[in-house]
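Atoms within a ligand are numbered from 1 in the order they appear, just like the ligands themselves. Throughout, residue positions are numbered sequentially from 1 according to the sequence presented.
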Amino acid sequence: MKIILFIISCVAFCQAGDYDYGEVIQDSLLFYEAERSGKLPDDQKVTWRTDSALDDQGENGEDLTGGYYDAGNYVKFGFPMAFTTTVLSWGIISHEAGYTKADSLDEARAAVKWATDYFLKCHVSEHELYGQVGDLTLDSATWSRPEDMVTDRPAFKIDEDNPGSDLAGETAAALAATSIVFKTVNATYSETLLTHAQQLFEFADNFRGNYSDAMNESYTSSGYQDELVWGALWLYKATENETYLDKAQELYDEFQLKYFGYWFGWDQKISAIEVLFAQLTNDTAHTTKVTDYCDYMLNEEVRTPKGLVYINEWGPLSLAANAALVCLEAASAGLNPDEYREFAKSQIDYMLGDAGRSFVVGYGEDPPTHANHRSSDCPDAPDVCDWTTYASTDPNAHVLTGALIGGPDENDTYVDDREDYQKNAVATNYNAGFQSALAALYEL
Ligand SMILES: *[C@@H]1O[C@H](CO)[C@@H](O)[C@H](O)[C@H]1NC(C)=O
Ligand SMILES: *[C@@H]1O[C@H](CO)[C@@H](O)[C@H](O)[C@H]1NC(C)=O
Ligand SMILES: *[C@@H]1O[C@H](CO)[C@@H](O)[C@H](O)[C@H]1NC(C)=O
Ligand SMILES: *[C@@H]1O[C@H](CO)[C@@H](O)[C@H](O)[C@H]1NC(C)=O
Ligand SMILES: *[C@@H]1O[C@H](CO)[C@@H](O)[C@H](O)[C@H]1NC(C)=O
Ligand SMILES: *[C@@H]1O[C@H](CO)[C@@H](O)[C@H](O)[C@H]1NC(C)=O
């Protein structure tokens, strides 16, 4: 009897969350505002950021302003930006109630639109897509405000001669997913997104190659196979046209997609593909793969002593949040929902304070104050910002509210030191699965 009462009260209490997920959703959206490039709108809440990179352009002078800076630097990397957009849109579609409850639905839509408005500019013709503006070597030479940037910003694109099925496939996925987000909000915009998504998928499928070969520095993809299947699945979800579902299954079979390493992130989408297939078809060939993945995460993945699944030393918090999201989506598809939600909650709660401190800037107990992030480290103009600012032990001049940092080592050890960039990096792709997982937990 006592056990039953405990279970009942735990369902009521534990699932309500010991942390204010709604507040963290709002905070995470502020992080995306802080990463905005281009001309900022009047309703921008993060006011220590102003307009920047207003001359970003393509080889023929095409306007490429807007979009997001990738991380602590000011390069606009299209591949992780598209992944970020797909994953944020997935959360808005699947867990709209979480955003509504957090009073953040408009801000969440604005966050994905900030990226898709930019992707539409980058897609300069049917078979031409810009995938990078800025150069990391040039960009990393200075520690300064983006508003003061004078560094050259070369732009790189894929086309028929230099194809990139990974970049075009992921951008197609992002535009298709966002077309669903806007379907009932702005039908014209939604249609525009879908048209570009279809064109980009056709380009990705008919001109195969790795986009990294066309950029001089980039997030190198380990292959385009997963992005092609992922793009086809999102087009099916957006159009309900069976041709795309058949295409997804045909490509899946052609590539014999299977797990190698159980991570879900900007380069690896297989677990998310399996769960999207499962949601769209209930096909046991895919639901079994989903439960294989989540059961591995729950029972076999390496953990830190305090319980974080430790998938990689780069971005361990983000990778754990992404795994949490996959299992929350599995739960939504009816697969072991209680068990998988409990796992997801344990991972997110680790990040919010269960390990003895918060790993989210500006939130909770003892949050990080030295994110490896230039624009928040720099004081407002006209104060000087340079490598002395970087090397100083002072906290960042501005609070980069909502940013999930890289995270601790395998022993839960963490140092709040800007120069330890592995532990203190932040990135637009780090926050995406995290934010969608929060929306899923908050709607319960
Ligand atoms: C729909 O989106 C487009 C593109 O951003 C915009 O120009 C238009 O004003 C929007 N329409 C409505 C009704 O919000
Ligand atoms: C990338 O291109 C820029 C401009 O064209 C150049 O300055 C830079 O050295 C290149 N970087 C690499 C790694 O090739
Ligand atoms: C794409 O990259 C992967 C990983 O580096 C490589 O194995 C594959 O051969 C490349 N494909 C093409 C078409 O270059
Ligand atoms: C489904 O998509 C395919 C490929 O784009 C297209 O040829 C076909 O006309 C579409 N079918 C419907 C019913 O819209
Ligand atoms: C999958 O199964 C669930 C539970 O039986 C059901 O609610 C859902 O509609 C099914 N989805 C599809 C695409 O068949
Ligand atoms: C974690 O602790 C183990 C056992 O003490 C040790 O062998 C390992 O080197 C530590 N890892 C790191 C990254 O310090």
Going by the closest heavy atom to atom 13 (C) of ligand 1, which one wins out of D117, N186, T116?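 Considering heavy atoms of D117, N186, T116, the nearest to atom 13 (C) of ligand 1 sits in N186.
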Which one of N241, T243, T239 has a non-hydrogen atom at the shortest distance from atom 2 (O) of ligand 4?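 Closest candidate by heavy-atom distance is N241.
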Considering only the protein, which heavy-atom contact is closest to [atom], and what is its distance?
atom: atom 1 (C) of ligand 6; value: N411 ND2, 1.6 Å
atom: atom 9 (O) of ligand 6; value: E410 OE2, 4.4 Å
atom: atom 4 (C) of ligand 1; value: Y189 CD1, 3.6 Å
atom: atom 5 (O) of ligand 1; value: K113 NZ, 2.8 Å

Would you mind listing which atoms of ligand 4 come within a distance below 4.0 Å of any non-hydrogen atom of Y244?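 It comes down to these atoms of ligand 4: 5 (O).
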With the threshold set strictly below 4.0 angstrom, can you tell me whether any protein non-hydrogen atom sits that near atom 11 (N) of ligand 4? yes
Tell me whether atom 7 (O) of ligand 4 lies less than 4.0 Å from at least one protein heavy-atom position.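 Within 4.0 Å of atom 7 (O) of ligand 4, no protein heavy atoms are found.
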Lys/Arg-Asp/Glu bridge criterion (N-O < 4.0 Å) met for E365, R357: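 No, no charged N to carboxylate O under 4.0 Å.
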Would S94 and E329 count as a side chain to side chain donor-acceptor pair (under 3.5 Å) if you check the C-alpha gap in whole Å, the side-chain angles of each, and the deciding distance to 0.1 Å? CA-CA 8 Å; S94 296; E329 293 301 324; 3.2 Å; yes
Residues, nucleotides or ligands: over 12 heavy atoms within 6.0 Å of D51 CG: yes
Report the C-alpha separation of D377 and W143 in whole Å, then their side-chain angles, then the decisive distance to 0.1 Å, and conclude whether the side chain to side chain donor-acceptor pair (under 3.5 Å) test is met. CA-CA 9 Å; D377 187 35; W143 191 261; 2.8 Å; yes
Take N411 and T413 through the test side chain to side chain donor-acceptor pair (under 3.5 Å) and record every step on the way to the result. CA-CA 5 Å; N411 300 323; T413 305; 5.2 Å; no
Using the ring of each side chain (for Trp, its six-membered ring), is Y259 parallel, tilted or perpendicular to Y293, with breaks at 30° and 60°?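 Ring orientation of Y259 relative to Y293: tilted.
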Determine the minimum heavy-atom distance between R49 and P146, stating which atoms define it.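 Minimum heavy-atom contact is NE-CG, 3.7 Å.
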